[in-house]
Amino acid sequence: MKKGYIVLLVLVLALVIVAANTFYVVEENQYACVFRFQEIVKTKAAPGLNVKIPFIDEVKYYTKATMLYDIPPSEVITLDKQNMTVDCYILWQISDPQQFYRSVGTVSEAEVRLDASTYSALKRAMGQLAQSDIINLDPGAERNQIYEGIATTVDKDAAGYGIRVLDVKIKRFDLPESNLNAVYNRMISERNQMAEKFTADGNYEASIIRNEVDKKVNIIVSDAKAKAAELEAAGEAEYMRLLGEAYNSKDKREFYEFTLALDALAKSLTGDDKTVILDKDSELAKILMGAK
């Protein structure tokens with residue numbers, strides 16, 4: 001009886017071992033490559049449970065996820081023979097696991113190939129640009145075409161490794177110490193030139209505005225003076241008309257002339273000097289002498 005239990009237990013254990021070596025699971029973000037005698041016989045990309053020949057086939061998994069490789073900073077030479085240090089990174093993923101295994105085999109080896117390919121593409125791209133094309137005051141978006149061209153080149157090179165390069169991004173352009181002062185002085189000079197241009201343009205616009213305002217002011221003042229002269233002339237005319245109507249007889253005129261003489265006399269009798277010299281034929285003198 002015991003012997004029967006032992007045989008059953010051995011059979012169950014054997015079935016478990018065989019099942020464990022027969023079935024394998026592919027996750028959502030994985031490729032599963034089935035190897036037979038060190039050669040890939042099939043690749044599974046769809047998630048789920050799959051079957052292989054136990055004890056003969058082996059399964060190796062590769063990720064579908066996008067991977068980031070931070071490339072060590074490297075020096076390049078621009079079109080105008082200036083040294084620059086470029087720091088960048090790559091976003092990549094395995095597109096063909098069989099090709100990937102046959103050409104590079106491991107992620108570390110793939111990064112070595114990507115490093116060399118990216119440096120070569122950077123060197124070619126930077127060699128076609130002057131330093132001023134890279135370091136300037138232009139919007140950063142205008143340099144995206146440089147990055148896109150590098151990414152396209154590296155992607156073509158990496159296709160033979162079963163790799164797809166999604167993007168190549170340059171984090172920073174650094175200048176050697178010997179170039180820093182020259183570049184900074186050039187940038188300062190460019191900014192000063194821009195400031196001078198803005199100032200000159202502003203002064204020109206200001207002069208146009210001032211001239212236009214002065215022109216309008218002169219026109220307004222001239223119109224106002226002309227209108228004032230017109231009103232003054234009209235007022236004088238009206239005054240003379242009223243004056244003529246008020247003193248239209250000999251008695252009225254004589255009375256008016258008399259009041260004017262009295263006003264003149266009153267104005268002359270100011271201060272401490274009270275002496276008045278009048279002609280003996282003056283009507284005012286006659287009145288004053290008669291009053292005495």
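As the structure is a computational prediction, the values presented were derived from the model and not from experiment. What you see below is based on every heavy atom in this structure, not just the backbone, and it leaves out hydrogens, waters and symmetry mates. For the single chain, residues carry numbers from 1 onward in sequence order.
- Side-chain contact check for Val168 versus Leu122: every heavy-atom pair is 4.5 Å or farther apart.
- At distances below 3.5 Å, not a single donor-acceptor pair connects side-chain atoms of Asn29 with backbone N or O atoms of Lys64.
- In this structure, Lys123 places its NZ atom where only 12 or fewer heavy-atom neighbours from other residues, nucleotides or ligands lie under 6.0 Å away.
- Linking Ile, Leu, Val, Met, Phe, Trp and Tyr residues whenever their side-chain heavy atoms come within less than 4.5 Å leaves Leu91 and Met67 in two separate clusters.
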Query raised in the report: Does the side-chain contact (heavy atoms from CB on, under 4.5 Å) test come out yes or no for Val34 and Thr43, once each step is laid out?
Result: CA-CA 6 Å; Val34 179; Thr43 300; over 6 Å; no
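- Between the side chain of Ser95 and the backbone N or O of Gly162 there is at least one donor-acceptor pair closer than 3.5 Å.
- Sorted by first and then second residue, the pairs that involve residues 81-123 and meet ring-ring contact (aromatic ring centres under 6.0 Å, His included), not counting sequence neighbours, are Phe35-Tyr101, Tyr62-Phe100.
- Going from atom NZ of Lys42 over to atom CZ of Arg36 covers 7.0 Å, rounded to the nearest 0.5 Å.
- Atom CG of Leu166 has more than 12 heavy atoms from other residues, nucleotides or ligands within 6.0 Å.
- No side-chain heavy atom of Thr63 sits under 4.5 Å from any side-chain heavy atom of Gln30.
- With Gln128 contributing its side chain and Ala125 its backbone, the two residues share no donor-acceptor pair below 3.5 Å.
- Note that OG of Ser74 and CE of Met126 are 10.5 Å apart. Values are rounded to the nearest 0.5 Å.
- Considering only heavy atoms from C-beta on, Gln93 stays 4.5 Å or farther from Ile163 through its side chain.
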Query raised in the report: Stepwise, does the side-chain contact (heavy atoms from CB on, under 4.5 Å) test hold for Ile170 with Asp87?
Result: CA-CA 6 Å; Ile170 297 176; Asp87 189 3; over 6 Å; no
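- In this structure, the side chain to side chain donor-acceptor pair (under 3.5 Å) partners of Thr106, at least two apart in sequence or on a different chain, are Ser108.
- Side-chain N/O atoms of Arg124 and Ser120 include a donor and acceptor closer than 3.5 Å.
- Inter-residue side-chain proximity for Leu68 and Ile90 is flagged as unmet; no heavy-atom pair is nearer than 4.5 Å.
- Here the side chains of Asp115 and Tyr69 are in contact, with some heavy-atom distance below 4.5 Å.
- Gly127 approaches Leu79 most closely through the heavy-atom pair O-CD1, 3.3 Å.
- With a 6.0 Å radius and a threshold of 12 heavy atoms from other residues, nucleotides or ligands, Glu238 has its CD atom above the threshold.
- Every residue was checked against the side chain to side chain donor-acceptor pair (under 3.5 Å) condition with Asp96, not counting sequence neighbours, and none meets it.
- Listed by first and then second residue, the side chain to side chain donor-acceptor pair (under 3.5 Å) pairs that reach into residues 195-204 are Lys197-Asp201, sequence neighbours excluded.
- Nearest approach of Pro47 to Glu28, heavy atoms of both residues: CG-OE1, 3.3 Å.
- The environment of CD in Gln99 is crowded: more than 12 heavy-atom neighbours from other residues, nucleotides or ligands sit within 6.0 Å.
- Considering every non-hydrogen atom in both Pro97 and Cys33, the closest pair reads CB-SG, 3.7 Å.
- Heavy atoms only, all atoms of each residue included: Asp70 and Cys88 are closest at OD1-O, 3.2 Å.
- Heavy-atom minimum distance, Thr85 versus Glu75: OG1-CG, 3.6 Å.
- Shortest non-hydrogen contact noted between Tyr61 and Val25 is OH-O, 3.0 Å.
- Going from atom CD1 of Ile150 over to atom CG of Asp155 covers 13.5 Å, rounded to the nearest 0.5 Å.
- Partners of Arg210 under the side chain to side chain donor-acceptor pair (under 3.5 Å) rule, at least two apart in sequence or in another chain, do not exist in this structure.
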Show the atom names and distances, to 0.1 Å, of all donor-acceptor pairs under 3.5 Å that link a side chain in residues 214-222 to residues at least two apart or in another chain.
from	atom 1	to	atom 2	distance (Å)
Asn218	ND2	Asp214	O	3.2
Ser222	OG	Asn218	O	2.8

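- When atom types are taken as modelled, the side chain of Tyr31 and the backbone of Ile94 share a donor-acceptor pair closer than 3.5 angstrom.
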